[in-house]
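A short write-up of the structure that comes next.
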Number of protein chains: 2
Amino acid sequence: MLKVLKFGGTSVGTLERIQNVANIIKKIKDEGHDVIAVVSAMSGETNKLIEYAESFSKEANPAEMDMLLSSGERVTSALLSIALNEQGYKTTSMSGREAGIITDEAHTKARIEDIDTTNLKNAISEGKTVIVAGFQGVTINTNRVSTLGRGGSDLSAVAIAGAIQADICEIYTDVDGIYTTDPRIEPKAKKLEKISYDEMLELASLGAKVLQNRSVEMAKKLNVNLVSRSSFTPEVEGTLITKEENIMEKPVVSGIALDRNQIRVGMYGVTDKPGIAASIFTSLADADINVDMIVQTRGLDGTTDLDFTIPTTDFTLCKSVMEKFKSQSKNIDYNENICKVSIVGVGMKSHTGVASKAFSALATENINIRIISTSEIKISMIIEEKYAELAVRALHEAYNLDK
Amino acid sequence: MLKVLKFGGTSVGTLERIQNVANIIKKIKDEGHDVIAVVSAMSGETNKLIEYAESFSKEANPAEMDMLLSSGERVTSALLSIALNEQGYKTTSMSGREAGIITDEAHTKARIEDIDTTNLKNAISEGKTVIVAGFQGVTINTNRVSTLGRGGSDLSAVAIAGAIQADICEIYTDVDGIYTTDPRIEPKAKKLEKISYDEMLELASLGAKVLQNRSVEMAKKLNVNLVSRSSFTPEVEGTLITKEENIMEKPVVSGIALDRNQIRVGMYGVTDKPGIAASIFTSLADADINVDMIVQTRGLDGTTDLDFTIPTTDFTLCKSVMEKFKSQSKNIDYNENICKVSIVGVGMKSHTGVASKAFSALATENINIRIISTSEIKISMIIEEKYAELAVRALHEAYNLDK
């Protein structure tokens with residue numbers, strides 16, 4: 001098999017851990033596989049370089065930031081290559097440029113435009129293990145080093161796996177897979193063997209931090225079989241993220257997610273004239289505020305009540321945007337003490353009664369649901385934050401996720 | 001003027017010093033010059049990376065070492081570019097590859113084969129100050145990053161200055177020029193305004209550590225006007241290293257050099273048969289031992305005495321090579337307590353009595369000369385090490401270098 005492995009900053013955070021990663025690759029090579037490993041910078045390195053740059057300028061030229069930040073992954077790739085080479089394996093490091101990762105010109109948040117797999121294929125056919133500096137590429141027109149932004153090394157790995165048609169792309173972090181819910185909240189949480197791309201996308205956007213949406217989206221698009229597993233416990237099988245068709249037994253519910261970083265905005269007694277909601281949400285969108293759940297209800301006096309949620313980070317900005325709509329409603333209030341619990345599962349599509357089971361489970365615990373929103377494979381509910389853990393455990397049990 | 005400036009590791013050793021370098025460049029830009037600055041890694045960075053690599057392997061693949069070691073200069077070039085950009089100047093960093101530095105395939109000690117000045121010229125014509133990551137290039141056939149070995153950043157600067165026909169190449173270190181002798185030994189030492197390439201080469205090979213021979217040789221070959229000056233006292237004019245023709249008043253003696261890292265090997269009563277000396281020095285050369293001064297004297301009994309000097313670092317190696325010649329001489333001894341003082345000056349060529357003045361000066365101080373060797377522009381003498389400082393001061397005074 002041709003395996004693309006990706007090791008994050010924590011997995012290569014010290015020289016000992018780089019040696020540990022070399023041992024993981026050695027074992028996979030000894031099983032007869034070809035390996036392309038994509039590495040992040042040693043944890044802390046990128047932040048150190050950002051601090052250096054900020055000491056000179058708060059708004060450094062993005063192209064120069066890329067020259068700066070891309071250096072950390074080059075160091076790790078060379079070190080891992082040296083460590084593995086010492087164990088008797090033919091290796092070569094490759095920068096993003098050498099690995100053929102071609103991006104657009106959007107420095108510090110470049111998008112991959114193309115992958116030229118010539119160098120990678122040549123190295124593999126020469127029996128070499130390739131260690132690619134993740135997070136970086138080369139711009140298509142100006143031919144300068146670019147970086148891919150947050151989660152960029154995962155993206156490098158998935159894009160390479162897709163382009164070179166690898167059999168699998170394993171993302172090594174410090175957690176050993178995707179769980180039915182956060183084990184710190186519900187110790188009975190179970191590691192999932194498989195999960196579909198869409199479920200993973202919902203879970204990721206709902207707060208599961210193991211994999212980022214950009215990489216899962218790309219994996220889905222390129223049909224790359226992703227595995228989430230840990231470099232600290234490499235003997236543990238991780239979770240396979242794959243096409244829905246590859247999952248034979250589709251559970252009704254795969255996981256419960258919790259997102260505490262939400263604020264509920266309530267706007268009461270809004271003059272009910274056409275276009276008012278559009279005008280509010282356009283203004284919020286213009287300010288780059290990511291409005292999540294929206295509920296609109298008609299009051300008795302012909303006015304309208306609007307409830308919606310925004311990320312905590314946009315709180316101050318949101319308040320200033322809402323200022324201009326003050327005159328068009330009786331009252332606007334903000335509630336920080338809420339959270340969002342969500343149920344995710346592809347099986348929902350073909351099952352009835354999923355939502356009612358959730359509502360009952362929360363009702364049994366006397367938890368009041370403030371806002372509900374649903375998609376094909378997800379039900380999200382806004383509740384008071386003090387009930388967060390209780391709600392997660394109640395739902396986890398209601399859907400028998402500990403079985 | 002188009003100026004190429006080079007800043008060594010000490011000059012960019014901290015964020016404050018990088019800011020200081022930005023201020024130096026700003027001043028030169030404000031005087032109306034175009035600037036290409038070549039930078040080393042922040043001092044300590046390269047050694048740190050070498051230690052990292054050695055923790056994995058004592059004989060790391062040279063190509064991987066180059067991937068590793070080239071990262072430090074990239075960081076400095078980006079940071080300096082950001083710092084200068086913040087002051088309102090258009091800047092761009094360039095890796096060795098981007099600056100068009102093309103080398104042979106000898107990783108970790110590559111030689112520059114060619115410089116493609118296209119990118120440099122374009123950037124300059126767009127009014128940009130270019131900050132080049134020194135010490136590195138790209139291999140001509142395999143297209144991988146290479147490094148130029150010791151003093152590589154100086155080489156990058158000189159080669160760029162030559163290729164782009166810069167008016168001057170200023171090498172900034174922590175000393176403000178070339179002195180008539182080491183000021184720590186002779187406080188009356190004077191900074192030279194100008195010195196010829198050949199004199200500089202002699203002084204450098206005799207222990208003056210400001211500039212390395214490879215860069216001075218390249219400057220001579222490419223006819224680049226070099227200046228040695230300090231980034232810590234940029235207001236002080238440095239020393240110009242240039243063609244002999246550019247120096248109107250040629251001093252008889254320009255400087256006195258001292259080299260303590262020499263060992264004298266004495267081989268007495270060598271059977272005087274043809275080829276014996278050749279055989280000894282071939283063996284030493286095969287072992288890569290750099291034999292410096294050689295004196296051969298005929299003894300009264302028809303045998304020969306051989307005296308020569310080697311660098312201290314080759315002592316152990318030399319002893320093992322000499323082992324096989326033991327039977328062909330009465331005695332071999334080694335003297336570590338010697339040093340070499342040298343007088344350098346282009347004016348020697350056209351003046352007589354230069355050597356005898358040196359011998360008298362040492363004789364007056366009762367310093368015995370063990371070996372003498374001369375070239376067109378240099379007289380070197382091996383003396384007992386305890387007289388080192390005294391000899392330097394005596395010679396400095398004899399040639400009126402403090403005037």
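The candidate with the highest count of non-hydrogen atom pairs below 4.5 Å against chain A, out of Arg74(B), Gln87(B), Glu86(B), is Arg74(B). Ranked by heavy-atom pairs under 4.5 Å with chain A, the first of Leu84(B), Ile131(B), Leu79(B) is Leu79(B).
Looking at Asn143(B) and Glu98(A), their side chains never come closer than 4.5 Å, going by heavy atoms from C-beta outward. Between Ser55(B) and Gln19(A), the closest side-chain pair of non-hydrogen atoms is not below 4.5 Å. No side-chain heavy atom of Ile18(B) sits under 4.5 Å from any side-chain heavy atom of Tyr52(A).
The only option from Met65(A), Glu54(A), Glu59(A), Met67(A) that meets the side-chain contact (heavy atoms from CB on, under 4.5 Å) definition with Ile82(B) turns out to be Met65(A).
For Lys48(A), the NZ atom is densely surrounded, since the number of other residues' heavy atoms within 6.0 Å is greater than 12. More than 12 heavy atoms of other shown residues, nucleotides or ligands fall within 6.0 angstrom of atom CD in Glu113(A).
For chain B, no part of Ala63(A) is nearby; none of its heavy atoms comes within less than 4.5 Å. Residue contact with chain A, scored on non-hydrogen atoms closer than 4.5 Å, involves the side chain of Ser70(B) exclusively. Heavy atoms of Asp66(B) lying under 4.5 Å from chain A are absent altogether.
Between the OG atom in Ser95(A) and the CZ atom in Arg97(B) there is a gap of 6.0 Å [rounded to 0.5 Å]. With rounding to the nearest 0.5 angstrom, the CZ atom of Arg144(A) is 9.0 Å from the CG atom of Asn119(B).
The backbone N or O of Ser93(A) sits less than 3.5 Å from a side-chain atom of Glu64(B), completing a donor-acceptor pair.
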